[in-house]
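In what follows, a structure is listed as structure tokens, so that the remarks can point back to it.
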Amino acid sequence: MISNKLMNIINVLEKSEDTESIKVLKDLGTESPNNEVREYTAKALVNKNTHESLEIVLMNDGKGLNDLSPVVAMGTINAILDLEDKTEVMKILDDTIKLNSIEKIRDNAKALKELILL
């Protein structure tokens with residue numbers, strides 16, 4: 001179980017407008033061996049809703065949407081579906097579908113885009 005202290009740190013980083021907060025979430029959170037830490041970190045990156053933060057969870061193998069843990073991947077999907085403004089998400093999904101060299105990442109991007117368009 002994730003500690004309250006760590007959860008508070010993730011929440012502060014999520015709300016921070018400093019671009020370094022994205023780097024910290026990526027480097028420490030998405031690389032964690034703990035599924036719950038990766039899940040909350042991915043949600044925080046989605047909620048930041050910036051190009052840089054969304055690229056991390058949508059375009060990278062083993063992170064966010066493409067995490068090996070179904071809990072992390074589904075948490076990322078749910079956070080994306082909860083966003084009011086999905087403009088940047090759709091741009092990144094389009095880029096991922098066109099440009100990513102890894103087939104499973106392209107397939108995941110296509111599936112998420114279709115889900116959003118429902």
To the nearest 0.5 angstrom, please state how far the CG atom of Leu112 sits from the CG atom of Asp107. 12.5 Å
If only atom types and distance count, is the side chain of Asn47 paired as donor or acceptor with the main-chain N or O of Ala79 below 3.5 Å? no
Would a 4.5 Å heavy-atom cut-off, applied to side chains only, mark Thr41 and Val72 as touching? no
So do the side chains of Ile80 and Val89 get within less than 4.5 Å of each other, counting heavy atoms only? yes
Using a 3.5 Å distance criterion without hydrogens, assess whether the side chain of Glu36 forms a donor-acceptor pair with backbone atoms of Ile2. yes
Can you tell if the side chain of Lys26 reaches within under 4.5 Å of the side chain of Ser53, non-hydrogen atoms only? no
Rounded to the nearest 0.5 Å, what separates atom CZ in Arg38 from atom CG in Asp67? 4.0 Å
Kindly compute the distance separating CG (Asn34) from OG (Ser69), expressed to the nearest 0.5 Å. 10.0 Å
Donor-acceptor pair between Asp61 and Asn66 side chains, under 3.5 angstrom: no
Testing the basics here: between Gly64 and Ala42, what is the closest heavy-atom pair and its distance to 0.1 Å? CA-CB, 4.1 Å
Find out if a path of hydrophobic residues (ILVMFWY) with successive side-chain heavy-atom gaps under 4.5 Å connects Val12 to Ile22. no
Let me check something: do Met74 and Leu83 share a hydrophobic cluster, defined by ILVMFWY side-chain heavy atoms less than 4.5 Å apart, either directly or through other members? yes
Is the side chain of Arg106 donor-acceptor paired with the backbone N or O of Asn100 at a distance under 3.5 Å, no angle test? yes
Donor-acceptor check, side chain of Lys113 to backbone of Leu93, threshold 3.5 angstrom: yes or no? no
Treating Ile, Leu, Val, Met, Phe, Trp and Tyr as nodes and any side-chain heavy-atom pair under 4.5 angstrom as an edge, say whether Ile97 and Leu118 lie in one connected cluster. no
May I ask you to decide whether Lys63 forms a salt bridge with Glu31, counting only side-chain N to carboxylate O separations under 4.0 Å? yes
Could you tell me the separation between the OG atom of Ser21 and the NZ atom of Lys15, rounded to the nearest 0.5 Å? 12.0 Å
Salt-bridge criterion met for Glu114 and Lys110 (N-O under 4.0 Å): no
Under the side-chain contact (heavy atoms from CB on, under 4.5 Å) criterion, do Ile116 and Met90 qualify, and how do the steps go? CA-CA 9 Å; Ile116 291 170; Met90 295 303 280; 3.8 Å; yes
Quick check: is Tyr40 connected to Leu68 through a chain of hydrophobic side chains (ILVMFWY, heavy atoms under 4.5 Å apart)? no
Give the cluster check for Ile56 versus Ile10: same hydrophobic cluster or not, with ILVMFWY residues linked at side-chain heavy-atom distances below 4.5 Å. yes
Does the side chain of Leu45 reach to within under 4.5 Å of the side chain of Leu54, using non-hydrogen atoms? no
For the atom pair CG (Asn108) and CG (Leu65), what is the distance rounded to the nearest 0.5 Å? 5.0 Å
Between Ser16 and Asp18, is any side-chain donor less than 3.5 angstrom from a side-chain acceptor? no
Interatomic distance, Leu58 atom CG to Thr96 atom OG1 [nearest 0.5 angstrom]: 6.0 Å
Decide side-chain contact (heavy atoms from CB on, under 4.5 Å) for Leu25 and Lys48; before the verdict, give the C-alpha distance in whole Å, the side-chain angles of both, and the deciding distance to 0.1 Å. CA-CA 11 Å; Leu25 286 167; Lys48 285 181 108 30; 4.1 Å; yes
